[in-house]
Amino acid sequence: MSNFFITTAIDYTNGAPHIGHAYEKVLADVLARYHRLKGDDVFFLTGVDQHGQKVQQSAEKQGVAPQEFVDDITAKFRALWDKLDVRYDGWAATTDDLHKECVRANLQMLWDEQDPATGQSRWIYKKSEGGYYSVRQEQFLTDKERGADGEFGPEWQPVEFREEENFYFRLKDHKKWLLDFIDKRTADGNPFVVPDFRVGELRNAVGKLDGDLCISRPAARLQWGIPFPESFGAGFVTYVWFDALVNYISFVPGHDPHGGTRSRASQTSTGDTATEGDGRAGAHPSEFSHWWPALHVIGKDIMIPAHGVYWPVMLKALGFADDEMPTLLVHGWWNISGAKMSKSLGNVIDPDALADKYGAEAVRYYLMIGIATGQDADFSEEHLIQFYNRDLANDLGNLLNRTLSMARKYLGGRLSVPSEAFPPPYQCAGWKNYEETMEMFAVHQCIYIAVGAAGYCNQYIEANKPWSLAKDPSQAERLNAVLYYSADALRMSAILLSPVLPKAAHGIFDQLNWKMELSPQATSPEGRAPARSPSEGHAEVRTREVGRAGARPSERFRLADAQWGGLPDGHQLGAPTPLFPRIEVPKEV
Ligand code: MSP
């Protein structure tokens, strides 16, 4: 069993969730479920990014306190993840006290670590810098904001020159290290960024790096953030990215916000003090290092500079060794007719309304099959309906319905294990291809493997015509074999599809009357999940509190069960009920 720690970007709470947010969380959920399917110990962390200027302004506009404002939007995100069956283990909300403590402890550690040559902090310095400031928009302006005439437009006015003192985090000193690190990971066959076509993009950006990162904002212009520790002097709030990125460590089970990362790094897993060396490298306590390092699932817009530049340098500063650096899984974007979704264009797709209209499983299915991980795709309801009808209503639903109906009609629903004279219709050999494809995050191709197997079985039924075999008593063995293999193929397709369609997979298992204790893997009483009757539905037991990952009862689906011959001799199938009713195309779509 291995450990799998997966995170997503934490979403800004200045607006309701849209389909892009939903895509990322479902993608991470599918990968987490796949690892649970393999029997890995999984911790899936997601959450919300609640601080910053935009939230402060939106809350002011509505005349509510920022905390009230973010609580309201946070509730919308959580309700959506429940509706879409996004089953996370840890919830990262940046206004959580635990996180605030962690951010402040990290700042303090970085501030306290002296460069022996200067006697100053090795990582953070204070300086005063001047720039043009938009009083209307409450932000500093760069040349990007200048119009064609070289002036700042009326939307920024009044604009004034302001001198401001802030704290800066050293980035450019680490440029060579970062380039070498990126190259080494690529050379080792374990690229820092996947899909690896983005590595070049990141390398170029790092090559151009020539500045440091301003990590504070004067409290006079931003109050809604984490205050700097008092030792920095009064009146500074943490820049939102320096706050948000830290969620990836502050919510890891076993993390001690009081100890901070550096003190963690100097402890061994047994609690003994490790050989200090430069005081940074060392073993993390066992629970933290059980999970770390992470796979960070993020969108292409936040790879540069936040996750590809700031974050590795921050981790380095916090004492993480090169082999403790995470991996970035960078996904593409859902667009609308080739254009970005935006409130001003009025083309934002609401996943909540979509799930109400078509069902959560149809939305999950489309989000996973309609895009190749790493690439962009165009969102269209018409495609959602087409994919659903073609794959689920036709291929899978049809196989389920006809197999159960015929087994009931011709064999009273009871199946025998076929003799060697009747081999299975195709080889599955442990579904190696499925595993390899999933390890490369190509979820859409994995779906094709699972649904393709059902499609193939439909052809197998057509070729063998059970309705004709049933008329000839001398074909009884063949009739049983065809229906046995069709039912067993459905069981396997349900397992392979369970990361994407957890409810439908439970539905198929229920109709097949497949119980956990029938699994040859269920050898020990602890390994067995309680048997579920169809009436129990498919409620999943969730453990949501941080630090409780892995404490679930056994999963109902196991990749190891995806082999021919799983249905025992004399197995009694359940009754067919339509699982994927066709979606009729409404006129306006
Ligand atoms: N709060 C930051 C992330 C901090 S992570 C430490 C942020 N939030 S966001 O709400 O703007 O975006 C959250 C995620 O949604 C990002 O990974 C982003 O790429 C993703 N998406 C936003 N729009 C998207 C699409 N249209 N399509 C797919 N994903 C997109 O950035």
Side-chain angles (χ1 to χ4, degrees), residues 6-29 45-55 58 70 73-74 76-77 80-81 84 86 90-96 99 102-103 106 193 198 213 215 224-226 238-252 294-312 314-315 326 328-345 347-351 354 363 366-368 370-380 443:
I6 185 166
T7 72
T8 67
I10 50 172
D11 302 315
Y12 286 130
T13 48
N14 53 347
H18 59 60
I19 203 75
H21 299 128
Y23 165 60
E24 181 176 280
K25 278 45 181 189
V26 171
L27 174 62
D29 182 58
L45 179 68
T46 190
V48 278
D49 189 354
Q50 298 169 307
H51 290 127
Q53 192 94 40
K54 280 196 189 135
V55 167
S58 308
V70 296
I73 297 195
T74 299
K76 290 198 171 84
F77 275 95
L80 179 66
W81 305 150
L84 292 181
V86 172
W91 181 250
T94 53
T95 56
D96 193 313
H99 172 74
C102 181
V103 170
N106 286 346
V193 180
R198 296 217 184 262
L213 177 65
I215 56 167
W224 186 236
I226 302 177
T238 313
Y239 169 51
V240 72
W241 275 104
F242 212 82
D243 157 353
L245 286 162
V246 170
N247 94 85
Y248 299 137
I249 49 179
S250 49
F251 292 96
V252 179
L295 174 70
H296 297 311
V297 182
I298 56 163
K300 61 180 185 177
D301 57 316
I302 56 172
M303 175 178 81
I304 299 168
H307 286 82
V309 183
Y310 305 163
W311 185 227
M314 283 167 73
L315 286 171
L328 309 181
L329 171 57
V330 181
H331 63 74
W333 269 38
W334 283 95
N335 297 320
I336 310 293
S337 309
K340 206 174 156 174
M341 263 188 293
S342 82
K343 270 193 205 147
S344 52
L345 289 174
N347 62 359
V348 176
I349 306 285
D350 173 6
L354 209 62
V363 174
Y366 177 52
L367 288 178
M368 290 299 101
I371 194 166
T373 311
Q375 308 290 335
D376 291 354
D378 252 335
F379 183 91
S380 104
V443 176

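Along the sequence shown, residues are numbered consecutively beginning with 1. Counting convention: from 1, in listed order, for ligands and their atoms alike. FYI, side chains are in, hydrogens and waters are out, and symmetry mates aren't considered; it's all heavy atoms of this structure.
- Contact between Thr8 and Ala28 at its shortest, heavy atoms only, is CG2-CB, 3.5 Å.
- Of all protein heavy atoms, the one closest to atom 30 (C) of ligand 1 is Trp333 NE1, 3.5 Å.
- Near Asp49, meaning under 4.0 Å from one of its heavy atoms, ligand 1 places the atoms 1 (N), 2 (C), 4 (C).
- The protein atom (non-hydrogen) at minimum distance from atom 19 (O) of ligand 1 is Asp301 OD1, 2.5 Å.
- Close approach to Gly299 involves these atoms of ligand 1, each under 4.0 Å from a residue heavy atom: 17 (O), 19 (O).
- Between Leu245 and ligand 1, a contact under 3.5 Å exists for no N or O pair.
- Under the 30°/60° scheme for interplanar angles, the aromatic rings of Phe77 and Trp81 are found to be tilted.
- Ligand 1 has a nitrogen or oxygen under 3.5 angstrom from a nitrogen or oxygen of Tyr12.
- For the pair Leu84 and Ala22, the tightest heavy-atom approach, listed with the atom from each and the gap, is CD1-CB, 3.9 Å.
- For Pro326 against Trp311, the heavy-atom pair with the smallest separation is CG-NE1, 3.9 Å.
- Between Ile10 and ligand 1, at least one pair of N/O atoms sits closer than 3.5 Å.
- Here's the thing with Lys300: none of its N/O atoms is less than 3.5 angstrom from an N/O atom of ligand 1.
- A donor atom on one side chain and an acceptor atom on the other are found under 3.5 Å apart for Thr7 and His296.
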Item to check | Audit row: Phe379, Tyr366, ring pair (Phe, Tyr, Trp, His ring centres under 6.0 Å) steps and yes/no | outcome: CA-CA 9 Å; Phe379 183 91; Tyr366 177 52; 5.3 Å; yes
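- Ala306 does not count as a contact of ligand 1, since none of its heavy atoms falls under 4.0 Å from the ligand.
- Nearest heavy atoms, Thr46 versus Ala9: OG1-O, 4.3 Å.
- Checking Trp334 against Asp376 by side-chain atom types alone, no donor-acceptor pair falls below 3.5 Å.
- Although no hydrogens or angles enter the test, the distance criterion places a donor-acceptor pair under 3.5 Å between the side chain of Asp378 and the main chain of Ser337.
- At least one heavy atom of His331 lies less than 4.0 angstrom from ligand 1.
- For the pair Asn106 (side chain) and Val103 (backbone), a donor-acceptor distance under 3.5 Å is absent.
- In terms of polar-atom proximity, defined here as any N/O pair under 3.5 Å, Asn247 makes no such contact with ligand 1.
- Side-chain polar atoms of His307 and Tyr248 form a donor-acceptor pair below 3.5 angstrom.
- Glu24 OE1, 3.6 Å is the protein heavy atom nearest to atom 16 (C) of ligand 1.
- Side-chain contact check for Gln50 and Thr13: no donor-acceptor pair (N or O, by modelled atom type) lies under 3.5 Å.
- For atom 22 (C) of ligand 1, the nearest protein heavy atom (residue, atom name, distance) is His18 CE1, 3.7 Å.
- Regarding atom 15 (O) of ligand 1, its nearest protein heavy-atom neighbour is His21 CD2, 3.7 Å.
- Interface of Ala244 with ligand 1, defined as ligand atoms under 4.0 Å from a residue heavy atom, comprises 6 (C).
- In summary, the atoms of ligand 1 found under 4.0 Å from a heavy atom of Met341, numbered by their order in the structure, are 26 (N).
- Relative to atom 4 (C) of ligand 1, the option among Trp334, Tyr248, Trp241 with the closest non-hydrogen atom is Trp241.
- Nearest protein heavy-atom contact of atom 13 (C) of ligand 1 is Asp11 OD1, 3.1 Å.
- Given atom 31 (O) of ligand 1, the protein heavy atom at minimum distance is Ile302 CG2, 3.5 Å.
- The atoms of ligand 1 that sit less than 4.0 Å from any heavy atom of Gly332 are 28 (C).
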